[in-house]
A.B. asks: 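Can you read through this structure? Questions will come right after.
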Amino acid sequence: MSPRKPGARFGTALRAKARALQRETMALYYAGRDPRTPLAARLITILVVAYALSPIDLIPDFIPLLGLLDDLILIPLGIALALRLIPAEAMAEARAKADAALARPKSYAAAVVILLIWLAAAILLSSWAYRAFSPS
């Protein structure tokens, strides 16, 4: 058996953390839709997801180190706060739903169809913009 490279263990740990974060994010989605989840937890979940997906940050990402630091601090804090506010039984059911969803086989055909739809929309939008804004 050959010895592992030092970076291999780090890469494996990083992939495991990414999968755990994916699972928790999906579980938060399911828990946010559960009627047992209080309104405050739902609002915090929406804000955290919106902030994570938003191109607008408190500190822009192009500022070295600080730009990414706000994402690394605010998003996990928001997730932790939402997790504290969601009832344990609702979160347990949401985690089970997330595990089941992540265990389902991936449909690459559906991914290709969605990608083609986005590509067609981008082509149509760009051709419209070209015709609408090009000097005649």
Side-chain angles (χ1 to χ4, degrees):
M1 182 174 199
S2 64
R4 283 185 144 182
K5 294 180 183 177
R9 205 170 345 155
F10 177 74
T12 303
L14 193 58
R15 277 190 291 279
K17 291 282 188 190
R19 274 197 260 10
L21 183 61
Q22 181 184 21
R23 175 184 173 251
E24 283 300 298
T25 304
M26 190 173 285
L28 271 178
Y29 167 76
Y30 288 127
R33 298 180 59 143
D34 192 308
R36 296 172 290 181
T37 300
L39 181 61
R42 290 179 187 200
L43 292 175
I44 289 170
T45 301
I46 290 169
L47 288 173
V48 168
V49 170
Y51 183 78
L53 298 177
S54 171
I56 301 170
D57 287 340
L58 291 178
I59 303 171
D61 287 342
F62 63 82
I63 297 175
L65 189 62
L66 292 178
L68 297 175
L69 197 58
D70 71 328
D71 293 337
L72 292 174
I73 293 173
L74 292 176
I75 293 171
L77 283 176
I79 290 172
L81 180 60
L83 288 174
R84 285 182 175 262
L85 295 174
I86 296 172
E89 60 277 356
M91 198 62 210
E93 287 178 24
R95 284 186 178 118
K97 285 181 185 178
D99 286 339
L102 291 172
R104 278 188 293 223
K106 310 288 185 278
S107 173
Y108 293 107
V112 168
V113 169
I114 291 170
L115 182 64
L116 290 174
I117 290 171
W118 277 106
L119 186 60
I123 290 170
L124 288 172
L125 182 64
S126 61
S127 70
W128 170 82
Y130 179 76
R131 281 186 263 127
F133 298 112
S134 66
S136 298

A.B. asks: For a quick test of reading the model, state the closest non-hydrogen atom pair linking A27 to A98 and the distance between them.
C.D. replies: N-CB, 3.8 Å
A.B. asks: Kindly say whether D34 contributes a backbone atom to a donor-acceptor pair with the side chain of R42 at under 3.5 angstrom?
C.D. replies: yes
A.B. asks: Report the distance from atom CG of L119 to atom CD1 of I114, rounding to the nearest 0.5 Å.
C.D. replies: 13.5 Å
A.B. asks: Ignoring hydrogens, what is the shortest heavy-atom contact between L85 and A41? Give both atom names and the distance.
C.D. replies: CB-CB, 3.6 Å
A.B. asks: List the atom of A94, the atom of A31, and the distance in Å for their closest heavy-atom pair.
C.D. replies: CB-N, 3.6 Å
A.B. asks: Could you state whether F133 and L125 fall into the same hydrophobic cluster, counting links through intermediate Ile, Leu, Val, Met, Phe, Trp or Tyr residues with side-chain heavy atoms under 4.5 angstrom apart?
C.D. replies: yes
A.B. asks: Could you pull out the closest heavy-atom pair between Y30 and A101, with the gap in Å?
C.D. replies: OH-CB, 3.7 Å
A.B. asks: From L77 CG over to I44 CD1, what is the distance, rounded to the nearest 0.5 angstrom?
C.D. replies: 11.5 Å
A.B. asks: Check whether more than 12 heavy atoms from other residues, nucleotides or ligands sit under 6.0 Å from atom CZ of R33, and answer yes or no.
C.D. replies: no
A.B. asks: Could you tell me whether the side chain of V48 reaches within less than 4.5 Å of the side chain of Y51, counting heavy atoms only?
C.D. replies: no
A.B. asks: Check whether any side-chain heavy atom of I86 sits under 4.5 Å from a side-chain heavy atom of L28, and report yes or no.
C.D. replies: yes
A.B. asks: Please tell me if the side chains of M91 and E24 come closer than 4.5 Å, counting only heavy atoms from C-beta onward.
C.D. replies: yes
A.B. asks: So do I79 and L83 actually touch side chain to side chain, heavy atoms under 4.5 Å?
C.D. replies: yes
